[in-house]
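Presented below is the structure to which this report refers.
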Amino acid sequence: MVRVQHENFDVGAEVERLRAGNPRVGAVACFIGVVRDLNDGDAIATMTLEHYPGMTEKALEGIVAQARGRWDLYDVLVVHRVGELRPTDPIVLVIVASAHRGEAFAACEFVMDYLKTEAPFWKKETTPAGARWVDARDSDDAARERWEGSAGTQ
Amino acid sequence: MRVTILYFAALRERVGTGREVCALPAAVTTVDALKGWLASRGAPWSEAFAEMPRIRAAVDQAMARPDAALHDGAEVAFFPPVTGG
């Protein structure tokens with residue numbers, strides 16, 4: 001399941017919902033992305049996230065489907081926030097439930113690596129010098145490319 | 001054919017609009033040709049595409065390569081590399 005929303009998320013409640021009533025779940029891996037107060041050496045006052053409604057949800061669903069195709073997963077949740085955020089605010093939540101930790105950890109990282117490079121979100125940050133759009137990082141492309149050509153591992 | 005064109009983030013700000021509907025000349029049949037045609041109209045499109053060489057595109061809400069074909073009624077989006085997460 002994927003959600004794009006302005007409001008914050010409750011990690012504990014989401015984890016409980018994801019594994020509720022499924023005694024086969026033996027591992028739940030969770031990633032939370034958070035707004036930092038410093039980027040490229042400048043203090044960050046606010047970060048505003050824009051997205052492409054419609055395509056964003058399709059892209060996230062496609063990434064989750066790819067992860068499910070590579071690993072044996074019971075459930076996956078992606079929640080991404082949009083709008084104005086501040087340092088220490090959570091931005092993104094990925095939760096993966098599976099039988100064992102290996103596929104849960106791997107799938108969680110896979111979803112984030114693809115989300116960073118394929119899901120249509122854009123960050124604009126305000127610093128003491130004014131507002132600026134955040135540039136994409138080559139290291140994010142490299143992180144995604146690690147997965148290409150490698151099959152899922154159990 | 002007629003297509004809806006969407007712009008996002010820094011590109012949206014640079015061209016001054018998030019959406020326009022255009023009737024295209026018959027020769028404009030791909031994403032790259034559309035980009036060229038938009039730029040041929042002059043500023044701000046010519047300047048925006050020149051300043052942002054890494055602009056990506058999507059057709060009907062799926063990432064599209066420069067040679068991707070367009071169709072009547074398509075939703076074509078142009079945007080900078082994504083920075084979510």
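Each chain gets a letter, A, B and so on, in the order the sequences are listed, and its residues count up from 1.
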Item to check | ILVMFWY network linking A:Val11 to A:Val92, side-chain heavy atoms under 4.5 angstrom | outcome: no

Item to check | In one Ile/Leu/Val/Met/Phe/Trp/Tyr side-chain cluster, 4.5 Å: B:Val59, B:Met63 | outcome: no

Checklist entry - Are any of the side-chain heavy atoms of A:Trp133 and B:Glu13 separated by less than 4.5 Å? => result yes

Next on the checklist: Is A:Lys58 close to chain B through its backbone or its side chain, or both, or neither, when contacts mean heavy atoms under 4.5 Å?
Outcome noted: side chain

Item to check | Smallest separation among heavy atoms of B:Gln61 and A:Met55, with atom names | outcome: O-CG, 3.2 Å

Checklist entry - Is the CZ atom of A:Arg146 crowded by more than 12 outside heavy atoms at less than 6.0 Å? => result yes

Item to check | chain B neighbours within residues 73-89 of chain A, where any heavy atom lies under 4.5 Å away | outcome: A:His80

Output side-chain donor-acceptor pairs under 3.5 Å for residues 94-101 of chain A, partner residues at least two apart or in another chain, one line each.
| from | atom 1 | to | atom 2 | distance (Å) |
| --- | --- | --- | --- | --- |
| A:Ser98 | OG | A:His100 | O | 2.8 |
| A:Ser98 | OG | A:Ala104 | N | 3.4 |

Checklist outcome for this item: Taking every heavy atom of A:Ile91 against every heavy atom of B:Gly85, the minimum-distance pair comes out as CD1-O, 3.7 Å

Next on the checklist: How close do B:Thr83 and A:Asp135 get, counting heavy atoms only, and between which atoms?
Outcome noted: CG2-C, 3.8 Å

Next on the checklist: By the salt bridge (charged side-chain N to carboxylate O under 4.0 Å, His left out) test, which pairs, at least two apart or in different chains, include something from residues 17-29 of chain B?
Outcome noted: B:Glu20-B:Arg41

Checklist entry - Under 4.5 Å between side-chain heavy atoms, hopping through other hydrophobics if needed: is there a path connecting B:Leu11 to B:Trp37? => result yes

Item to check | Contacts with chain B made by residues 112-122 of chain A (heavy-atom distance under 4.5 Å), listed by residue number | outcome: A:Met112, A:Leu115, A:Lys116, A:Thr117, A:Glu118, A:Ala119, A:Pro120, A:Phe121, A:Trp122

Checklist entry - When clusters are formed by joining ILVMFWY residues with side-chain heavy atoms under 4.5 Å apart, either directly or through shared neighbours, do B:Phe79 and B:Trp45 land in the same one? => result no

Item to check | Contact origin within A:Asp140 toward chain B - heavy atom pairs under 4.5 Å | outcome: neither

Checklist entry - Same cluster for B:Leu6 and B:Phe49 if Ile/Leu/Val/Met/Phe/Trp/Tyr side chains link at under 4.5 Å? => result no

Checklist entry - Out of A:Lys124, A:Lys123, A:Arg137, A:Arg132, which one racks up the most heavy-atom pairs below 4.5 Å with chain B? => result A:Lys123

